[in-house]
Protein chains: 2
Amino acid sequence: MIDQGISKQTLQRLPFYLGYLKTLDKVTVETVSATTIAEALNLNQVQVRKDLASVCSLGRPKIGYVTQELICEIEHFLGYDNAESAVIIGAGKLGKALLGYRGFEEYGLNIVAAFDADENVVGTEENGKKIFPMSKLKNLCERMKIHIGIITVPAEYAQRVCDSLVESGILAIWNFAPVHLTVPEHILVQNENMASSLAVLSKHLSQKFSEEAQKIG
Amino acid sequence: MIDQGISKQTLQRLPFYLGYLKTLDKVTVETVSATTIAEALNLNQVQVRKDLASVCSLGRPKIGYVTQELICEIEHFLGYDNAESAVIIGAGKLGKALLGYRGFEEYGLNIVAAFDADENVVGTEENGKKIFPMSKLKNLCERMKIHIGIITVPAEYAQRVCDSLVESGILAIWNFAPVHLTVPEHILVQNENMASSLAVLSKHLSQKFSEEAQKIG
DNA sequence: CGTATATCGATATATCTTTATCGATATAAT
DNA sequence: ATTATATCGATAAAGATATATCGATATACG
């Protein structure tokens with residue numbers, strides 16, 4: 001398995017493959033071809049084949065891939081069988097929603113606690129997970145060897161929180177605040193920027209509308 | 001302004017530019033250069049210049065762009081001054097968190113209501129927004145000319161919900177369910193797939209760890 | 001047993017995205 | 001006024017990603 005130099009795009013498609021494969025019946029669908037997967041997910045078949053090649057053992061001509069093997073290999077590749085612990089900074093609505101979401105366990109993510117500067121939420125719990133004051137962040141991260149930090153604070157505090165996380169030994173940051181974060185080279189920031197997604201949506205709409213207008217006018 | 005054929009990547013960077021520009025002092029920072037923006041956001045200056053060129057009026061050599069003008073032009077381009085209405089399908093934890101998030105208004109998104117199949121939440125309110133039964137979806141969307149649908153239901157229901165949205169006249173879908181959605185050609189699906197983001201994060205970590213192991217071993 | 005077909009992997013081509021380079025221009029400094 | 005410099009826009013080069021093509025191979029069918 002060559003897991004170096006896999007592209008971000010491929011990485012992001014793998015969960016879609018996995019989701020599709022899991023909808024297939026274990027008993028009847030013993031094998032599955034790249035062609036079939038591609039059709040189900042509206043992708044190019046060569047793309048699917050290439051993506052799978054970078055993750056899994058050989059497929060067989062005319063047959064495809066052994067479904068259950070493929071599932072295991074993708075899951076292993078994505079680390080679903082080797083959970084990482086994470087902390088959430090910011091126990092507002094979004095932070096609490098993420099704390100309460102049980103799906104993350106399935107994806108190999110184990111959120112162990114949240115932190116917040118607001119004294120009113122510190123000390124409370126959400127989904128059985130405690131909310132600590134910011135002062136405890138570094139100690140807890142180091143003690144529990146936590147490497148993932150999730151930022152769900154308002155934009156104006158995000159960089160400061162980010163710096164604290166880096167100082168606490170965090171190596172990867174999942175940033176829900178709509179700002180750019182500056183970090184040392186070895187730290188990864190994955191932005192979940194709702195504003196960016198909305199930009200794509202609303203541009204699509206305005207283009208549709210201007211097309212309509214042109215047809216009519 | 002040529003807003004056709006702008007790339008998705010450019011579109012997704014625009015909100016970052018905007019956020020940065022808004023942190024600048026209105027009085028003292030009358031103009032700003034692509035170089036400055038690029039440095040602040042860790043981007044290539046040519047990329048920034050090209051992105052801005054596709055959105056805004058001319059910059060001036062040696063000077064750059066007029067900050068306030070640039071802000072207005074990006075906001076207008078992204079439709080922040082021309083709000084679109086949206087509905088949320090799925091009033092679970094995530095759906096409610098999104099209903100409660102006030103930041104969307106700033107981005108030109110106005111969530112007017114939520115829908116859910118669960119009778120226990122139907123009839124309740126969140127952040128002053130009502131939760132309706134699924135049976136009311138089509139009527140409300142048509143009556144209020146709603147074109148954006150946000151899907152926050154579990155994966156297994158997502159495609160069915162998606163079909164209902166399309167039937168209700170929705171043109172763009174923001175999908176938080178971790179599955180691929182099949183839609184007619186003219187409909188846009190923007191996936192906010194947490195599993196994909198996590199895949200990127202956890203791969204970065206496992207790579208870091210294997211690098212470390214190699215150094216030691 | 002030979003032929004047709006679905007599929008694979010590999011290689012080649014096309015497209016899209018990012019980065020580098022270069023001449024032009026507006027301001028500041030000498 | 002001349003020169004230096006920061007910046008622009010445009011064009012070119014490089015790099016990444018997606019798609020098409022082709023020979024090889026495993027099965028099914030006649």
Side-chain angles (χ1 to χ4, degrees), chain A residues 1-14 16-17 20-21 24 28-67 69-70 73-74 180 191 196 199-200 203-204, chain B residues 1-14 16-17 20-21 24 28-67 69-70 73-74 180 191 196 199-200 203-204:
Chain A
M1 202 204 300
I2 309 126
D3 57 340
Q4 277 188 322
I6 188 168
S7 85
K8 195 172 164 178
Q9 274 81 336
T10 295
L11 217 38
Q12 298 197 104
R13 279 189 295 267
L14 290 176
F16 283 92
Y17 300 149
Y20 170 70
L21 292 172
L24 302 175
T28 55
V29 192
E30 267 187 54
T31 61
V32 63
S33 74
T35 320
T36 311
I37 299 174
E39 257 166 41
L41 304 182
N42 275 309
L43 297 170
N44 180 287
Q45 60 172 120
V46 181
Q47 186 172 59
V48 174
R49 212 170 283 132
K50 272 186 109 182
D51 285 348
L52 295 183
S54 61
V55 177
C56 76
S57 51
L58 257 60
R60 283 154 66 206
K62 178 86 188 200
I63 301 296
Y65 308 83
V66 179
T67 316
E69 258 178 53
L70 197 50
E73 286 174 306
I74 297 176
H180 166 82
N191 289 307
S196 290
V200 177
K203 206 66 218 159
H204 171 80
Chain B
M1 202 202 298
I2 308 127
D3 58 340
Q4 277 189 321
I6 188 167
S7 84
K8 195 172 163 176
Q9 274 84 331
T10 295
L11 218 37
Q12 299 197 105
R13 279 189 295 267
L14 291 176
F16 283 91
Y17 300 149
Y20 169 70
L21 292 172
L24 301 176
T28 55
V29 192
E30 267 186 56
T31 62
V32 63
S33 72
T35 320
T36 311
I37 299 176
E39 258 166 40
L41 304 182
N42 274 308
L43 296 171
N44 180 286
Q45 60 172 120
V46 181
Q47 187 170 58
V48 174
R49 211 169 284 133
K50 272 189 107 181
D51 285 348
L52 295 182
S54 61
V55 178
C56 75
S57 52
L58 257 61
R60 282 154 66 204
K62 178 88 187 201
I63 302 295
Y65 308 83
V66 179
T67 316
E69 258 177 53
L70 197 50
E73 286 174 306
I74 297 177
H180 167 82
N191 289 305
S196 290
V200 177
K203 207 67 219 159
H204 171 79

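Order of the sequence lines fixes the chain letters, A, B, ..., with proteins taken first and strands second; residue numbering starts at 1 for each chain.
- Both B:Gly59 and A:Leu43 lie close to DNA chain D; mapped to their nearest nucleotides by heavy-atom distance, the more 5′-ward contact belongs to B:Gly59.
- In this structure, CD1 of B:Ile37 is placed 15 Å from C1' of D:dA6, rounded to the nearest angstrom.
- For A:Ala34, counting side-chain heavy atoms from C-beta on, the closest listed nucleotide (D:dT27, C:dA10, C:dC8) is C:dC8.
- When rounded to the nearest whole Å, the span between CG of A:Asn44 and C1' of D:dA16 equals 16 Å.
- A close approach under 4.0 Å does occur between a side-chain nitrogen or oxygen of A:Ser33 and OP1 or OP2 of C:dT7.
- In this structure, B:Tyr65 does not reach the D:dA6 phosphate: none of its side-chain N or O atoms is under 4.0 Å from OP1 or OP2.
- Between the C1' atom of D:dA12 and the CD atom of B:Gln47 lies a distance of 17 Å, rounded to the nearest Å.
- Among the protein residues, B:Thr10 comes within range of no part of the nucleic acid, since none of its heavy atoms lies under 4.0 Å from any strand.
- Between B:Glu69 and B:Cys56 the shortest side-chain heavy-atom distance does not fall below 4.5 Å.
- Proximity of B:Arg13 to the phosphate of C:dT18: a side-chain N or O atom is located under 4.0 Å from OP1 or OP2.
- Judged by distance alone, the side chain of B:Ser54 and the main-chain N or O of B:Ile6 form no donor-acceptor pair under 3.5 Å.
- Distances shown here put every side-chain N or O of A:Arg60 at or beyond 4.0 Å from the OP1 or OP2 atom of D:dA26.
- Here the side chain of A:Val46 is nearest to one of D:dT27, C:dG9, D:dT21, namely D:dT21.
- If you measure from atom NZ of A:Lys50 to atom P of C:dC8, you get 15 Å, rounded to the nearest angstrom.
- When all heavy atoms of A:Ile74 and A:Leu21 are compared, the pair lying nearest together is CD1-CD1, 3.9 Å.
- When all heavy atoms of B:Ser196 and A:Gln12 are compared, the pair lying nearest together is OG-O, 2.7 Å.
- When distances are taken from the side chain of A:Leu58 to each of D:dT27, C:dG9, D:dC8, the shortest belongs to C:dG9.
- As rounded to whole Å, 13 Å separates atom P of D:dC8 from atom CG of B:Asp51.
- One atom, CG of A:Leu41, and another, C1' of D:dA18, lie 16 Å apart when rounded to the nearest Å.
- Regarding B:Gln45, its CD atom lies at a distance of 16 Å from the P atom of D:dA10, rounded to whole Å.
- One interatomic measurement links the two molecules: CD1 of B:Ile6 to C1' of C:dC16, which rounds to 14 Å at whole-angstrom precision.
- Remark: the B:Lys62 side chain and the D:dT5 base include a donor-acceptor N/O pair separated by less than 3.5 Å.
- Nearest heavy atom pair, residue A:Tyr17 against residue A:Val48, reads OH-CA, 3.6 Å.
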